[in-house]
Protein chains: 2
Amino acid sequence: MERDYPELKLENQLCFPLYAAAKEIVKKYRPYLDEINLTYTQYIAMMVLWEEKSLSVKALGEKLFLDSGTLTPLLKSMEQKGFVTRHRSEADERVLIVSITPEGEALRKKAADVPAKMQSCVRLTKEEAVQLYSLLYKVINDVG
Amino acid sequence: MERDYPELKLENQLCFPLYAAAKEIVKKYRPYLDEINLTYTQYIAMMVLWEEKSLSVKALGEKLFLDSGTLTPLLKSMEQKGFVTRHRSEADERVLIVSITPEGEALRKKAADVPAKMQSCVRLTKEEAVQLYSLLYKVINDVG
DNA sequence: TTAGAAAAAATTGAGTTCAATTAAATTATA
DNA sequence: TATAATTTAATTGAACTCAATTTTTTCTAA
């Protein structure tokens, strides 16, 4: 008896457009981020650092949903580029503190027009964007 | 003069929850897919193959938004596992045809309960899921 | 106080992703 | 027809991601 399995059709998945949209959007960032010598993952790490100035790898990982397996090489590369420094906490030697450098701060100005350039790529109305944002955070917070 | 740069705050980005949600969802699949010896990318490739039975690498790539750099090693691995075969088209030797095997077909039955298991992880209402689906495809189709 | 548990990063290995290039086959054109 | 352009996969290299393990440090409890 041949079954149809509609639940296994690609077009009936919610995960697939999520996966595909994320990938395509990140790809869109590339030319803009190339100009400021950042990858997408480095870019979101810099967003945290522009706000926080200094925090532990663990704290950064919680904000970005990334672990040390991803962050250790990422932060070493960003240190090489001069955007951050890495040093152990004196209070607790297990903790590695990542801090923004003046070069990292300076990058903020150059990055300031990236969000606007990206917004023009994603042609959603303001309402749609707000709705999408809200649904995505619902997914993130629910998937516990 | 110190600026605030709200447009560069992580919580004001649309791309970040998209990136994070996609990552978290794919991670959620892992235990279920481990049981049927597939990775997430292999799983979506199988979804296409369960429908199409046979198609070119190019056609598969267009459906999945993936190129040969990703698909070539992926399909070799799936061939190793016995789920697909790979052979050149006789009409056009440039084209590599991927075809599902009986083992690949048999996997469909085992995969049939994966979508239901995942749906219980993502606690959106039916209406929210429909809305999210629609917005995501809008993003995918717009990002040209 | 000291052994054991817990916490934080780093490391390792498998797999994914993409840009750029290469190789082979096919199609188009001069 | 012969050459050039195009198409399709494969390859290469850089980067990301995560699970699992290891190392170091700190905390806890006997």
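Naming convention: chains lettered A, B, ... in sequence-line order (proteins, then strands); numbering from 1 in each chain.
At C:dT11, one or more side-chain N or O atoms of A:Lys76 fall inside 4.0 Å of OP1 or OP2 (strictly under the cut-off). Contact between the side-chain N/O atoms of A:Tyr19 and the OP1/OP2 oxygens of C:dT17 is found at a separation under 4.0 Å. Between B:Arg86 and D:dA10 there is a side-chain polar atom (N or O) within less than 4.0 angstrom of OP1 or OP2. For the OP1/OP2 pair of D:dC16 and a distance below 4.0 Å, the side-chain nitrogens and oxygens of A:Thr39 include at least one atom meeting the criterion. Using a 4.0 Å cut-off, some side-chain N or O of A:Arg88 falls inside it from OP1 or OP2 of C:dA10. For D:dT17, neither phosphate oxygen OP1 nor OP2 lies less than 4.0 angstrom from any side-chain nitrogen or oxygen of A:Thr70.
Between A:Glu24 and A:Lys27, at least one side-chain nitrogen of the basic residue sits less than 4.0 Å from a carboxylate oxygen of the acidic one, meeting the salt-bridge criterion. Here A:Glu128 does not pair with A:Arg123 in a salt bridge; the nearest charged N to carboxylate O distance is not below 4.0 Å.
In this structure, the CG atom of A:Leu60 is 12 Å from the P atom of C:dA10, given to the nearest Å. Summarising the geometry, the separation between CG on A:Asp67 and C1' on D:dT21 is reported as 13 Å, rounded to the nearest angstrom. Straight-line distance from the CD1 atom of A:Ile25 to the P atom of C:dC18: 13 Å, rounded to whole Å. Taking atom CG of residue B:Leu75 and atom P of nucleotide D:dT8, one finds them 16 Å apart after rounding to whole Å. Atom-to-atom, CG of B:Leu66 to C1' of C:dC18 comes out at 10 Å; the value is rounded to the nearest Å. Following rounding to the nearest Å, B:Leu71 (CG) and C:dA19 (P) show an atom-to-atom distance of 14 Å. The CD atom of A:Gln42 sits 15 Å away from the P atom of D:dA14 (whole-angstrom rounding). When rounded to the nearest whole Å, the span between CG of A:Leu64 and C1' of D:dC18 equals 15 Å.
Residue contacts for A:Ser77: at a heavy-atom cut-off of 4.0 Å it reaches no nucleic acid atom on any strand shown. Nucleic acid contact for A:Ala45: none, since no nucleic acid atom lies under 4.0 Å from a heavy atom of the residue. At a threshold of 4.0 angstrom between heavy atoms, the contacts of A:Leu74 are confined to the sugar-phosphate backbone, with no base atom among them. Nucleic acid contact for B:Thr41: sugar-phosphate only, since backbone atoms but no base atoms lie under 4.0 Å from a heavy atom of the residue.
Nearest-nucleotide mapping onto DNA chain D: of B:Ser56 and A:Asp92, the residue sitting toward the 5' end is B:Ser56. Projected onto DNA chain D by closest heavy-atom contact, A:Phe65 and A:Glu93 fall at different nucleotides, the more 5' of which corresponds to A:Phe65. Both A:Lys23 and A:Ala59 lie near DNA chain C, and the one whose nearest nucleotide falls closer to the 5' end is A:Ala59. For B:Gly69 and A:Ile97, each mapped to the nucleotide of DNA chain C holding its nearest heavy atom, the one lying further toward the 5' end belongs to A:Ile97.
Interface remark: the B:Arg94 side chain does form a donor-acceptor pair with the D:dT7 base, using a distance-only criterion of under 3.5 Å. One N or O donor and one acceptor, one from the side chain of B:Ser68 and one from the base of D:dA10, sit under 3.5 Å apart.
Annotation: side chain of A:Val57 is not in contact with side chain of A:Val95 (no heavy-atom distance under 4.5 Å). The shortest distance between side-chain heavy atoms of A:Gln13 and B:Ile44 does not fall below 4.5 Å. A 4.5 Å side-chain heavy-atom check between A:Leu14 and A:Val139 finds every atom pair outside the cut-off.
Of the possible polar contacts, none joining the B:Tyr5 side chain to the A:Met47 backbone as a donor-acceptor pair under 3.5 Å is found.
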